[in-house]
Amino acid sequence: MNLDWLDAFLISGLFDIAMVTGLALLLHLQLGLARIANFGVVGFWGLGMYTYGVLYIQVDWTIADPWRFLICAAAGTIVAGLAGLLVGWLIADLDDDGVLVGTLGFATAVFILATTEQDLTGGAIGMGGLRFPFDVGSTKANESLWLLILVLLVAAILFYVARVHRSPYGRLLVALGDNEPLARSLGKATFRVKLGQFALGSAGMGLLGVMFGVMERFLETSNLGINLTLAAIVGLVVGGTARVWGPLVGVLFTVGLFDIVIQSYLPLPRSWYNQAIPVLREMAFGAALIIVLLYRPFGILGDMRRDKLMRRIHGD
Amino acid sequence: MDLEFLKESIVIGLAEHAPLVLAAIGFALLYRLTGLINVAYSETVTLGAYFGMWLNTTFSLNFYTVLVPAGLLAGLVSVGTYFAIFRPAKRRNVGALELIIMSFGLSIFLRHGLQFVFGYPVRFYDVPPPTSIKVLGVGVSSFRLLAVASVAALALALYWFIQRSSFGLQIRALASDEDLARASGIRPLVVTVLIWFIAGVAGGMAGAFYGVGSNVAPLLGWRQFLLILLVVLVGGAKNLGGVIIAGVGTGIALTAMTLQLGQVLYGDLILITAFIIILKVRGRRMAETGKV
């Protein structure tokens, strides 16, 4: 297959879109349905990435890839999930303020540990030595295959989210987000459900962090800023917090627009790309959050559609 | 405990973290009245630092001359955000969670937008090198000492204004019960604008103190935001005294841990963990916050 059109910049842009879509889909279950305001997305993502990277580099492995990769990736995912369980336990019975503090605090804690534990993580200097768990030829071929694997992973997440939407569990998440005391009074185990959802979502975010670490082959604490959380939230809000396809549509309209269309195809002065465009991107994302929530709170795709059963019952 | 260590923790902690108390008071006022966790408050702090730096370097004014104007300008921006975003949002019955996300969006917008106005590089105040003064045997720069005195005076003035003045009474009445306050002749808009302004002034002045103590950068306020938020939630927005005590305690504890562990980030980590556990143990937040 001729892949000449797929240059390194496009691979990187598409990888970012797929990864942020995956994060926004997971956030959709937490924030969109259960209304748990996870502002610490980058913390779980970063924990997965660093756990994978530290194990891969610092442990004296006697086995080779792909088993070495699979063990490290599984560890990154599990550690992020366990962190989600802990943070979820801390915040599950707090209101939005407490959730904001808890999740932001967790992301800050991950950043601090990644910065201070230099012997393990390389600190602010960063840590190299990571590589793909396969070698199919050139760097471009490896990156393209890794992008394909990520797209398949995100498609699986999309499939899972769509299944949750149509399931009793999904309706429970919606009920929990709408009126948690009422759901609890009806005998639903709201605390356990929130905890489970938070841990599972966090594990997924950790796995996406692992994918990013492999693609970058170099771990830097500068990746642990708020920008990634912002991109996931903006994608979700712009596309529609209540709809399965909302995250994908939103991320295409935001990250896709800036990271591919504007960066690649608009005839802008080269000097703008260093500082002006990234700054403008973040400004636009911030403004999009305000404008969408003020004037179209359910985003581009609008409010949730009731599933077939409910539509039949109500004669819609 | 070593007396020398205790003295150093208290003196340096107060000197280094005095602006935290001021910023937390401003944030608490807003939180108490509106019930809103305004993430964009971090940019009020940042803008205060930028306004002060701009006045200081452009007009060659000394720091204490620019402190009040910097605070006033930040206050005006704060009121501007209320009219442009939060008032329309209230009228459209935007939910509490969505308001937090909107304020997050505003925070990002301002943080990056100010770089188009003030430029991308890190900026510095143009101030003379401070002299060192011994307090309880611990050397502190004259400048930091003046900052502590200024913050203490401003904090006390704000405390008196909210707890003792008639306007303060109106603010507290509005926070407790908007309908009852309105029936009593209180004009919610005037009081609300006033509180957004005062909060902005306090945040802006805190930012100017932060900025002159190190440098002025877009992330200045954001780096302090989590601590400000934790101090307010743990100290309790119901009583400004609690916020002041929590702020002072946080500053001293941070310094003590930094001295002990040799790494400022470890102190941050321990405090963040401790505060979140306190919030967990305490459970849901107090009921007394308004919805203006």
Side-chain angles (χ1 to χ4, degrees), chain A residues 31 35-37 39 86-87 89-117 123 177 225-227 229-230 233-234 236-237 241 274-276 278-295 297, chain B residues 31 35-37 39-40 84-85 88-89 92-116 119-120 218-219 222-223 225-227 229-230 232-234 261 263-269 271-273 275-277 279-280 282-285 289:
Chain A
L31 197 152
R35 292 179 67 78
I36 307 168
F39 281 84
L86 176 66
V87 175
W89 175 76
L90 284 169
I91 64 169
D93 55 355
L94 298 178
D95 56 15
D96 292 338
D97 310 345
V99 174
L100 173 71
V101 168
T103 52
L104 258 186
F106 171 72
T108 307
V110 170
F111 174 79
I112 289 173
L113 288 172
T115 308
T116 53
E117 302 311 303
I226 195 74
N227 295 11
T229 304
L230 171 71
I233 292 178
V234 171
L236 177 63
V237 168
T241 50
N274 287 338
Q275 286 176 312
V279 168
L280 207 59
R281 176 187 190 264
E282 302 303 302
M283 275 181 76
F285 283 7
L289 278 182
I290 298 167
I291 293 165
V292 169
L293 288 174
L294 256 186
Y295 299 107
Chain B
Y31 177 56
L36 165 70
I37 292 290
V39 182
I85 291 162
R92 286 172 173 270
N93 292 319
V94 173
L97 176 56
E98 284 75 11
L99 273 174
I100 293 177
I101 298 174
M102 282 176 71
S103 73
F104 178 57
L106 177 63
S107 164
I108 299 289
F109 180 81
L110 290 174
R111 188 184 312 161
H112 292 87
L114 61 83
Q115 294 178 59
F116 282 120
Y120 302 116
L219 284 171
W222 177 247
R223 290 200 177 110
F225 179 70
L226 189 60
L227 266 188
L229 184 56
L230 285 165
V232 170
L233 292 183
V234 171
L261 304 170
Q263 169 68 273
V264 68
L265 288 175
Y266 284 135
D268 283 344
L269 185 63
L271 261 185
I272 290 167
T273 309
F275 278 178
I276 291 173
I277 290 171
L279 288 177
K280 170 71 181 176
R282 188 193 283 173
R284 290 175 185 272
R285 72 173 186 199
T289 48

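Because only heavy atoms are used, hydrogens play no part in the values below, and waters and symmetry mates are left out as well, while side chains stay in.
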Most heavy-atom pairs under 4.5 Å with chain B, out of A:Leu104, A:Ile112, A:Val292, A:Thr241, belong to A:Ile112
Heaviest contributor of heavy-atom pairs below 4.5 Å to chain B, chosen from A:Ala276, A:Gly98, A:Ala288, A:Ala109, is A:Ala276
Would A:Val279 and B:Tyr120 count as a side-chain contact (heavy atoms from CB on, under 4.5 Å) if you check the C-alpha gap in whole Å, the side-chain angles of each, and the deciding distance to 0.1 Å?
-> CA-CA 9 Å; A:Val279 168; B:Tyr120 302 116; 3.8 Å; yes
Chain B shares the most heavy-atom pairs under 4.5 Å, among A:Thr115, A:Ile226, A:Val234, A:Ile233, with A:Ile226
The interface call for B:Leu269 against chain A, heavy-atom contacts under 4.5 Å, is both
Greatest number of non-hydrogen atom pairs under 4.5 angstrom with chain A, of B:Thr273, B:Ile101, B:Leu229, B:Leu106, falls to B:Ile101
When the 4.5 angstrom heavy-atom criterion is applied to A:Thr108 and chain B, the contacting part is side chain
Rounded to the nearest 0.5 Å, the CD atom of A:Gln275 sits from the CZ atom of B:Phe116 at a distance of 9.5 Å
Whatever's closer than 4.5 Å to a heavy atom in chain B on A:Leu280 counts as both
So, the part of B:Leu226 with a heavy atom under 4.5 Å from chain A: the answer is side chain
Bottom line for B:Phe275: the part with an atom under 4.5 Å from chain A's heavy atoms is neither
| Does the side chain of A:Phe285 reach to within under 4.5 Å of the side chain of B:His112, using non-hydrogen atoms? | no
In this structure, CG of B:Asp268 is separated from CZ of A:Phe111 (nearest 0.5 Å) by 10.5 Å
Honestly, the part of A:Leu100 sitting under 4.5 Å from a heavy atom of chain B is side chain
Cut-off 4.5 Å, heavy atoms of chain A, and the answer for B:Gln115 is side chain
Bottom line for B:Leu230: the part with an atom under 4.5 Å from chain A's heavy atoms is side chain
When the 4.5 angstrom heavy-atom criterion is applied to B:Ile272 and chain A, the contacting part is side chain
Practice task
Indicate the ring-plane relationship of B:Phe104 and B:Trp222, choosing parallel, tilted or perpendicular according to the 30° and 60° boundaries.
Solution key: tilted
A:Asp97 and B:Tyr31, any side-chain heavy atoms less than 4.5 Å apart:
yes
Here the gap from A:Glu282 atom CD to A:Asn227 atom CG, rounded to the nearest 0.5 Å, amounts to 4.0 Å
**Asked** Hey, does A:Val237 have a side-chain heavy atom less than 4.5 Å from the side chain of A:Leu31?
**Response** no
Check whether any side-chain heavy atom of A:Thr103 lies under 4.5 Å from a side-chain heavy atom of A:Ile91, and answer yes or no.
yes
